Amino acid sequence: MLQVPFIRENKALVIERLAKRNIDANQMITDVIVFDEERRQIQTELDNTLAESNSLSKEIGNLYKSGEAQKANLLKEKTTQLKQVSKELTEALNNKSEALKELLYKIPNIPNEVVPRGNSELDNEEIFKEGDIPVLHEGALPHWELAKKYDIIDFELGNKIAGAGFPVYKGKGARLQRALIAYFLDKNTGAGYTEYQLPHMVNEASGIGTGQLPDKEGQMYHITEDNLYLIPTAEVPGTNIFRDVVLNESELPVGITGYTPCFRREAGSYGAHVRGLNRLHQFDKVEIIRVEHPSKSYEALDGMVSHVKDILKELKLPYRILRLCGGDTSFASALTYDFEVFSTAQDRWLEISSISNFETFQANRLKLRFKNSEGKNELAHTLNGSSLALPRVLAGILENYQTENGIEIPKVLQPYTGFNIID
RNA sequence: GGAGAAAUGGCAGAGUGGUCGAAUGCGGCAGUCUUGAAAACUGUUGAGGGUCACACCUCCGGGGGUUCGAAUCCCUCUUUCUCCGCCA
């Protein structure tokens with residue numbers, strides 16, 4: 001959620017930046033400013049009414065004490081009137097605040113200066129590329145066929161037990177998953193992140209805190225009986241650790257990491273692009289989350305990017321980094337870098353990590369602040385990124401490491417898997 | 001799931017209708033003393049909004065109500081604790 005004072009003081013800039021997302025925000029931003037103006041005016045009126053009412057009540061108390069009940073009763077009539085006025089004002093204030101809030105919930109974060117204007121993935125900028133694309137042997141297979149051939153992932157079985165998009169990992173496939181999780185977590189804790197195990201369901205307040213609710217309700221599985229949501233990413237429980245928290249400046253930066261399964265409804269997805277592990281309802285992911293001082297958050301973003309680069313380099317997977325255009329940058333993000341690994345057998349790039357700086361957008365909703373050097377509470381910056389999303393890394397490994405004799409295991413993973421080939 | 005108790009400032013813990021944003025203790029901060037530290041003593045110390053600064057408003061788990069006036073009374077929700085049941 002954008003901050004109203006910022007909008008008020010930077011109206012033109014906000015509109016201009018939102019245009020990078022191809023949004024004409026003129027009307028919305030004008031409304032925000034007007035609503036806020038009205039809201040504050042009502043607030044002032046209400047405050048004054050309450051102040052008068054309070055002082056009269058005190059007076060009444062004193063009059064009763066000194067036995068002047070008659071005078072007191074006279075004043076009572078006045079306070080009764082004031083009460084009616086303040087009731088109406090309170091209602092007006094609530095309506096106005098609610099309208100303002102609803103409006104603010106609809107406005108996405110303003111993209112950073114460097115974000116290119118654009119609509120779709122076609123407008124994303126490739127900013128880095130590394131790793132050689134292997135030349136595969138004759139008859140190389142896409143990962144879903146490899147999965148079948150070596151009996152390591154069973155899509156039909158998952159379909160039977162739960163439905164499409166819930167694969168079952170078996171044998172060396174399951175072990176490879178576990179190895180990846182352990183390896184990622186070790187890399188992250190090695191880089192200073194604290195490991196967490198988080199709830200896989202969250203309440204409504206958490207969904208609102210990180211921006212999934214109220215707008216993107218349909219993307220999460222909702223357990224209506226208990227009004228809980230299955231997490232679409234560890235970002236939700238992880239970032240909500242800091243909801244309603246005031247940190248000391250000296251506690252910054254905070255870095256946490258956690259492995260969780262992620263659940264996504266992916267309503268409306270279908271076709272060849274969702275084959276195999278490409279798009280699932282349940283998948284595993286290791287996430288990194290940072291809380292940063294506003295002056296350090298972009299440095300931190302760069303740090304996260306090189307951290308993930310390092311992992312992909314160790315895995316020896318060909319990958320590239322994209323700077324997302326405005327239209328492709330997620331609702332809450334100001335700047336997002338996507339990592340994509342090349343799926344050789346499918347001949348396409350697969351997104352495996354998305355690293356974003358949300359600046360104060362989430363912090364404003366979360367009320368995540370720190371005491372700055374002046375002793376004032378200031379909104380912190382939040383960032384997060386995947387390190388990494390498992391299925392597509394797995395797809396990348398299966399496809400890029402396949403040989404005629406089987407699928408080789410990247411060197412760094414062998415201590416975790418306990419085997420060096422899937423055959 | 002059943003029965004009971006509770007929820008107050010960073011923590012502990014008073015407060016059962018008006019002068020309570022809240023005693024007291026601990027902790028924190030500043031100072032005195034000290035070569036320095038500790039101890040002792042003195043002062044200070046919740047949050048949000050609002051203002052140039054004051055004033056002023058809001059907040060005693062959340063929401064609603066009674067009353068001129070609520071931390072205090074009523075309703076409701078949530079959470080925690082104890083006992084019983086169940087259970088990985």
Side-chain angles (χ1 to χ4, degrees), chain A residues 1-9 32-101 104 197-209 213-214 222-229 237 240-252 254 260-261 360 362-380:
Chain A
M1 189 163 62
L2 295 175
Q3 296 173 81
V4 175
F6 181 85
I7 293 177
R8 209 191 304 148
E9 285 156 34
V32 166
I33 291 168
V34 171
F35 282 21
D36 176 57
E37 183 65 40
E38 290 170 352
R39 201 206 91 241
R40 281 182 298 145
Q41 202 173 329
I42 298 168
Q43 176 86 62
T44 307
E45 266 179 74
L46 177 62
D47 283 1
N48 292 339
T49 310
L50 288 175
E52 197 178 344
S53 180
N54 284 345
S55 81
L56 284 177
S57 286
K58 255 179 207 165
E59 216 174 304
I60 290 170
N62 289 332
L63 286 173
Y64 273 125
K65 252 182 203 159
S66 56
E68 299 173 84
Q70 243 180 357
K71 273 192 185 170
N73 285 333
L74 225 77
L75 287 184
K76 268 197 201 178
E77 279 177 35
K78 217 169 176 180
T79 51
T80 309
Q81 277 171 26
L82 287 176
K83 212 172 142 186
Q84 185 57 34
V85 173
S86 64
K87 202 174 169 184
E88 283 162 16
L89 285 172
T90 304
E91 205 171 309
L93 181 68
N94 288 342
N95 289 340
K96 196 54 76 179
S97 303
E98 197 54 42
L100 178 60
K101 206 163 80 178
L104 286 170
Q197 284 200 12
L198 296 158
H200 299 168
M201 294 185 202
V202 293
N203 57 29
E204 205 176 343
S206 293
I208 290 171
L213 296 175
H222 187 189
I223 294 129
T224 52
E225 179 100 23
D226 300 293
N227 200 24
L228 292 169
Y229 294 85
N240 273 282
I241 291 171
F242 304 100
R243 175 152 47 86
D244 293 317
V245 165
V246 181
L247 295 162
N248 288 320
E249 193 166 3
S250 62
E251 292 175 86
L252 297 174
V254 181
T260 69
T360 60
Q362 288 183 331
N364 193 27
R365 284 198 183 191
L366 293 162
K367 295 208 179 69
L368 162 55
R369 294 159 297 177
F370 67 98
K371 279 236 180 295
N372 67 18
S373 50
E374 288 163 16
K376 291 242 177 196
N377 289 336
E378 189 178 335
L379 291 173

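Numbered from 1 within each chain, the chains take letters A, B, ... in sequence-line order. Everything numeric here is computed off the predicted structure, so don't read it as measured data.
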Paired nucleotide for [N] [Watson-Crick or G-U wobble; both distances under 3.5 Å]:
{"N": "B:C73", "value": "B:G65"}
{"N": "B:A38", "value": "none"}
{"N": "B:U16", "value": "none"}
{"N": "B:G50", "value": "none"}
{"N": "B:C33", "value": "none"}
{"N": "B:U44", "value": "B:G28"}
{"N": "B:U78", "value": "B:A7"}
{"N": "B:G85", "value": "none"}

Once you round it to whole Å, what is the distance between [atom2] of [N] and [atom1] of [X]?
{"X": "A:R40", "N": "B:G49", "atom1": "CZ", "atom2": "P", "value": "13 Å"}
{"X": "A:Y64", "N": "B:G18", "atom1": "OH", "atom2": "C1'", "value": "12 Å"}
{"X": "A:L89", "N": "B:U58", "atom1": "CG", "atom2": "P", "value": "13 Å"}
{"X": "A:R243", "N": "B:G61", "atom1": "CZ", "atom2": "P", "value": "19 Å"}
{"X": "A:K87", "N": "B:U67", "atom1": "NZ", "atom2": "P", "value": "10 Å"}
{"X": "A:L63", "N": "B:G69", "atom1": "CG", "atom2": "P", "value": "15 Å"}
{"X": "A:D244", "N": "B:G10", "atom1": "CG", "atom2": "P", "value": "13 Å"}

Rounded to whole angstrom, note down the [atom1] distance from [N] over to [M].
{"N": "B:G61", "M": "B:U72", "atom1": "C1'", "result": "16 Å"}
{"N": "B:C59", "M": "B:U8", "atom1": "C1'", "result": "12 Å"}
{"N": "B:G21", "M": "B:U58", "atom1": "P", "result": "10 Å"}
{"N": "B:G4", "M": "B:C77", "atom1": "P", "result": "14 Å"}
{"N": "B:A6", "M": "B:C41", "atom1": "P", "result": "36 Å"}
{"N": "B:G13", "M": "B:G64", "atom1": "P", "result": "29 Å"}
{"N": "B:G85", "M": "B:G46", "atom1": "C1'", "result": "43 Å"}
{"N": "B:A23", "M": "B:A12", "atom1": "C1'", "result": "14 Å"}

Original post:
Taking only residues two or more places apart in sequence or in another chain, which ones pass side-chain hydrogen bond (donor to acceptor under 3.5 Å, both in side chains) with A:E249?
Top reply: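 Residues passing side-chain hydrogen bond (donor to acceptor under 3.5 Å, both in side chains) with A:E249: A:H293.
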
**OP:** List in chain and number order the residues that pass side-chain hydrogen bond (donor to acceptor under 3.5 Å, both in side chains) with A:S206, two or more places apart in sequence or in another chain; answer none if no residue qualifies.
**Re:**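 side-chain hydrogen bond (donor to acceptor under 3.5 Å, both in side chains) check on A:S206 returns A:N203, A:R243.
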
**OP:** Scan A:S57 against the nucleic acid and name what it touches under 4.0 Å (heavy atoms): base, sugar-phosphate only, or nothing.
**Re:** base

**OP:** Pick base, sugar-phosphate or nothing for A:K83, based on heavy-atom distances below 4.0 Å to the nucleic acid.
**Re:** base

**OP:** To the nearest 0.5 Å, tell me how far A:Q41 CD sits from A:L93 CG.
**Re:**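 Reported to 0.5 Å precision, the distance equals 12.0 Å.
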
Original post:
Got a sec, which pairs hit salt bridge (Lys or Arg N to Asp or Glu O under 4.0 Å) with one end in residues 75-97 of chain A, sequence neighbours left out?
Top reply: A:E38-A:K96

Subject >> Sequence neighbours excluded, every pair satisfying salt bridge (Lys or Arg N to Asp or Glu O under 4.0 Å) that has a member inside residues 52-62 of chain A >> reply: none

Original post:
Looking only at heavy atoms, which two atoms of A:I241 and A:L198 are closest? And how far apart?
Top reply: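 For A:I241 versus A:L198, the nearest heavy atoms are CD1-CD2, 3.9 Å.
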
Original post:
Hey, which of these two, A:N48 or A:K76, hits RNA chain B nearer its 5' end, going by closest nucleotide?
Top reply: A:N48

Subject >> Residue whose nearest RNA chain B nucleotide is more 5′ - A:D47 or A:L75 >> reply: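 Nearer the 5' end of the strand: A:D47.
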
Original post:
Heavy-atom distance under 4.5 Å between the side chains of A:F242 and A:V254, does that happen here?
Top reply: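 SC-SC contact between A:F242 and A:V254 confirmed.
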
Original post:
Is any side-chain heavy atom of A:L368 closer than 4.5 Å to a side-chain heavy atom of A:L247?
Top reply: yes

**OP:** Could you pull out all residues at least two apart from A:H200 that satisfy ring pair (Phe, Tyr, Trp, His ring centres under 6.0 Å)?
**Re:** none

Original post:
Looking only at side-chain N and O atoms, does A:N54 come under 4.0 Å of OP1 or OP2 in B:C57?
Top reply: yes

Could you go over nucleotides 45-47 of chain B and give all protein N or O partners under 3.5 Å, atom names and distances?
unit_1	atom_1	unit_2	atom_2	d
B:A47	O3'	A:N377	ND2	3.3

